[in-house]
Amino acid sequence: MAENKRDYYEVLGVQKNASDQEIKKAYRKLAKENHPDLNPGNKEAEARFKEINEAYEILSDGDKRSRYDQFGFAGVDPNYGAGGFGGGGFEGGFDFGDLGDIFGSFFGGGFGGGARTRNGPQRGESLRMGVTVSFEEAAFGCEREVTVERVEQCGTCKGTGAAPGTSPETCTACGGTGTVQQRRQTPMGVFATTGPCPKCGGKGKIVASPCKDCGGSGQVRKKKTIKISVPAGIDDGQIISLRGQGNAGKNGGPAGDLQIVVTVRPHQLFRREGTDVFCDAPITFTQAVLGGELEIPTIDGKVKYDIPEGTQTGSTFRLRGKGIPSVNGRGRGDQYVTVYIETPRNLNREQKEALKKFSETLKENNYKERKSFFDKFKK
C-alpha cells in the first residue's frame, strides 16, 4: 500500500474533533465538486473523488474512525505499511493477530482472542459508486441502471478454486486449521507463537488442480448491470445501500454491499433545504401596487396565487404541500416564494410623463417604510 496517502481529516478539510455533521457537510461539498459526471475526462478530479469517498467511508463510521484515530492507516487497513513497523523487519507489515499470539503464549487467552481463524468465512468488500439525478427525479424518485465491476464466485468451480471433477485437499501441515505453532528457545525460556501455515498460506486447504477460469482463487471479476430504485425525497450526498451487491465473500462468507452515492443536479429556479423548496419570482410594479393573480412554478407544475395589494420586494409567500416528499413517505414539505419588483426599463416619453403625474398624486403616507426611515433619521 502506498505510503504517501493523505490524512483523512486533511482530505475532507476538517479538524480531528469535527462532528459527524461537519464531516458529512464537508464530504457532500467536495464530492459534488469532484464528481466524475461533473468533471468528464478529468483524471485528477476522479482521483480526488475516490480519495474523498475513502476518507468519508472511514470517518463516517464510528468504529473505523476510532481505530484510525488510535492507529492511523494501519488501524483500518491491515495491508498498510507493508515492509516494516517503525522500521523493523516484520515482513508484510505488523499484524495485530500476531501480537495476540504472543500474548496468548504468555497468558493463555491472548490479546483480542488469541490466534485467529484465517480460513473461516470472510465477508466481501463493499463497493461505492455514484449516480447523478435531476432535481425533479430526486423529488419524485426514479430508476437507474448502474454498471459495477465486482468480484463474483467462479461459476465453473463454484468458488472452490479446484478444477471440475476435483476438490481441495486438507493441508497436511496444519490439519486444515490454516495456522501452525512455532516454538522458540530464548534465554527466558521456550516461547510459542502461532502464524499462518506456510504450505497452504493460511487457507487450510490445498488446490492440487486449479480451476482454469479463476486460477484457483475461486473468484472472478465481472461487470454487472444493476437496476436501482432512487426513492422519492432523496437528497444530495445521501447513500442508497444495496445489500449483498458488492464483492463476493471468501470461504462461504456473505457478499459485501454496493453503496450508491446520489448527486442531485442544481435546478435553475429551485433550491432545497430539507423537504422545503425555495424560489424567487419577479412581479411588476402594477402587481405590487394593486395586487392580483400571480402564476408561480412548482415541482408539480404552475399554480396560481393571489398576492395582496401593496406587496413589497422581499415578501415571502408559503405554498403548503408543494415541497419535496419526505423520503420516509410521511407528507411533503412546503414551497416558499420570495417576490421582488422588477423596475420597468426603456420607457417612452408618454410613459414617463404618465408616471410623473402619478407620482405627483402620491402623499407621504403612501410610503410607509420611507416615512418610517426618515422619521428615525430625524430623531
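Start at 1 with the first residue, then count along the sequence.
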Are the side chains of [Y] and [X] in contact, using a 4.5 Å heavy-atom criterion?
| X | Y | value |
| --- | --- | --- |
| Arg28 | Asp235 | yes |
| Cys214 | Gln219 | no |
| Ile240 | Val262 | yes |
| Lys356 | Glu353 | yes |
| Arg65 | Ile23 | yes |
| Ile228 | Gln245 | no |
| Ile52 | Tyr27 | yes |
| Gln268 | Phe135 | no |

*Asp236: which of Lys32, Arg272, Lys24 passes salt bridge (charged side-chain N to carboxylate O under 4.0 Å, His left out)*: Lys32

Is the backbone of [Y] close enough, under 3.5 Å, to the side chain of [X] for a donor and an acceptor to pair up by distance?
| X | Y | answer |
| --- | --- | --- |
| Gln351 | Asn348 | yes |
| Asp7 | Tyr9 | yes |
| Asp257 | Gly244 | yes |
| Asn247 | Val151 | yes |
| Asn42 | Ala45 | yes |
| Ser66 | Asp63 | no |

*Short side-chain donor-acceptor distance under 3.5 Å, Thr172 and Lys199*: yes

Could you tell me whether [X] atom [atom1] has more than 12 heavy atoms of other residues or ligands within 6.0 Å of it?
| X | atom1 | answer |
| --- | --- | --- |
| Glu293 | CD | yes |
| Gln181 | CD | yes |
| Arg221 | CZ | yes |

Would you call [X] and [Y] a salt bridge, taking side-chain N to carboxylate O under 4.0 Å as the test?
| X | Y | value |
| --- | --- | --- |
| Lys224 | Glu152 | no |
| Arg48 | Glu33 | no |
| Arg271 | Glu273 | no |

*Would you sort out whether Arg265 and Thr132 count as a side-chain contact (heavy atoms from CB on, under 4.5 Å), showing the intermediate values?*
CA-CA 7 Å; Arg265 287 194 296 267; Thr132 301; 3.5 Å; yes

*Derivation of the side-chain contact (heavy atoms from CB on, under 4.5 Å) call for Leu294 and Val339*: CA-CA 10 Å; Leu294 185 64; Val339 298; 4.3 Å; yes

_The test is side-chain contact (heavy atoms from CB on, under 4.5 Å); show your working for Lys5 and Glu51 and say whether it passes._
CA-CA 9 Å; Lys5 292 179 66 172; Glu51 183 183 43; over 6 Å; no

*Quick one: CZ on Phe140 to CD1 on Ile324, what's the gap to the nearest 0.5 Å?*
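So the gap between those two atoms works out to 7.0 Å.
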
_Worked check of side chain to side chain donor-acceptor pair (under 3.5 Å) between Tyr68 and Asp61_ = CA-CA 10 Å; Tyr68 176 69; Asp61 185 302; over 6 Å; no

Between side-chain atoms of residues 300-312 and protein atoms elsewhere (two or more places apart, or another chain), which donor-acceptor pairs fall under 3.5 Å?
from   : atom 1 : to     : atom 2 : distance (Å)
Asp300 : OD2    : Arg332 : NH1    : 3.3
Asp300 : OD2    : Arg332 : NH2    : 2.9
Thr311 : OG1    : Pro308 : O      : 2.5
Gln312 : NE2    : Gly310 : O      : 3.1

